[in-house]
Amino acid sequence: MRITWLGHSAFLLEGTQKVLIDPFLSGNPNAAKKPEEVQADIIFVTHGHGDHLGDAVEIAKKNNAPIVCIHELSVILSKMGVNAIGMNIGGTAKFDEVKITMVNAVHSADFGEEPISAGAPAGGIVEMDGLRVYHTGDTDVFLDMKLIGELYKPDVMLVPIGDYYTMGITGAVKAVELVKPKVAIPMHYNTFPVINQNPEDFKKAVEKRGLDVKIVILNPEESYEI
Ligand code: NI
Ligand code: MN
């Protein structure tokens, strides 16, 4: 599987299928690609905030790809003319080559410029080609991450470190300790001044804690192969 960071919380997982997560591109000064340059078979959106839903509707229509998200957000997106697959926390959406299990996140979740309720925030475990990638969504650290680690044994964890809207480095180190992935890739930092963060500080803090986790720091548009 090739994991490409498109900036912020947007990732493209390429294996048998192309799974796109939280494609916030056109409003992101650090985005690696324009929405029209991205190809996807399945799109997963963790919650309705603009920096996660991003360009999902446009990309879904262009690629004829479904958007997997929480039920309430799927109702809103369906009215915008996309194939939105609504599910809920603890459930698994099964496709031929891909499974997406929705898990908790500790955050808020609404939609639009005059926000309307759009269900709960979520994270997701994407399973493809025998590998599992845990995208936490926007979240603080929470103790049930230990349970997520035990149940789904993620190979890779995509973890926010930017602080302010999510956990910062201290929380992210604890999150990695609870989940115990093989590899962790930091996200949700340096997009806006308020979430400026040095990812090397995260890497050093994980190493100082003695955790058996490889921290992979990507620049937008860089990939990691696993
Ligand atoms: Ni958010
Ligand atoms: Mn966010």
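Both counts, for ligands and for their atoms, begin at 1 and track the order of listing. Only a predicted model underlies this, so the values are computations on that prediction, with no experimental measurement involved.
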* To do: Please step through salt bridge (charged side-chain N to carboxylate O under 4.0 Å, His left out) for the pair Lys203 and Glu200, ending with a clear verdict.
  => CA-CA 5 Å; Lys203 186 173 186 180; Glu200 294 292 345; 5.0 Å; no
* **Atoms named by residue and atom, protein N, O or S, within reach of the Mn ion (ligand 2) (under 2.8 Å)** => Asp51 OD2, His52 NE2, Asp138 OD2, His188 NE2
* Are the side chain of Asp55 and the backbone of Ser26 linked by a donor-acceptor contact shorter than 3.5 Å? -> yes
* **Contact check, side chains of Arg2 and Thr4, non-hydrogen atoms, under 4.5 Å** => yes
* Asked: Do you know how many protein N, O or S atoms are within a distance smaller than 2.8 Å of the Ni ion (ligand 1)?
  -> 4
* Asked: Restricting to pairs with a member in residues 33-67, which pass ring-ring contact (aromatic ring centres under 6.0 Å, His included), not counting sequence neighbours?
  -> His8-His52, His47-His49, His47-His52, His47-His107, His49-His107, His52-His188
* Structure fact -> For residues 140-164, the ring-ring contact (aromatic ring centres under 6.0 Å, His included) pairs (sequence neighbours left out) are none
* Heavy-atom donor-acceptor pair, Lys18 side chain to Gly15 backbone, under 3.5 Å -> no
* Kindly determine whether Glu58 and Lys62 satisfy salt bridge (charged side-chain N to carboxylate O under 4.0 Å, His left out), including the steps that lead there. => CA-CA 6 Å; Glu58 177 187 335; Lys62 187 148 183 265; over 6 Å; no
* Asked: Can you find a pair of side-chain heavy atoms, one from Val106 and one from Asn104, that are under 4.5 Å apart?
  -> no
* Do Glu207 and Lys204 meet the salt-bridge criterion of a basic N to acidic O distance under 4.0 Å? -> no
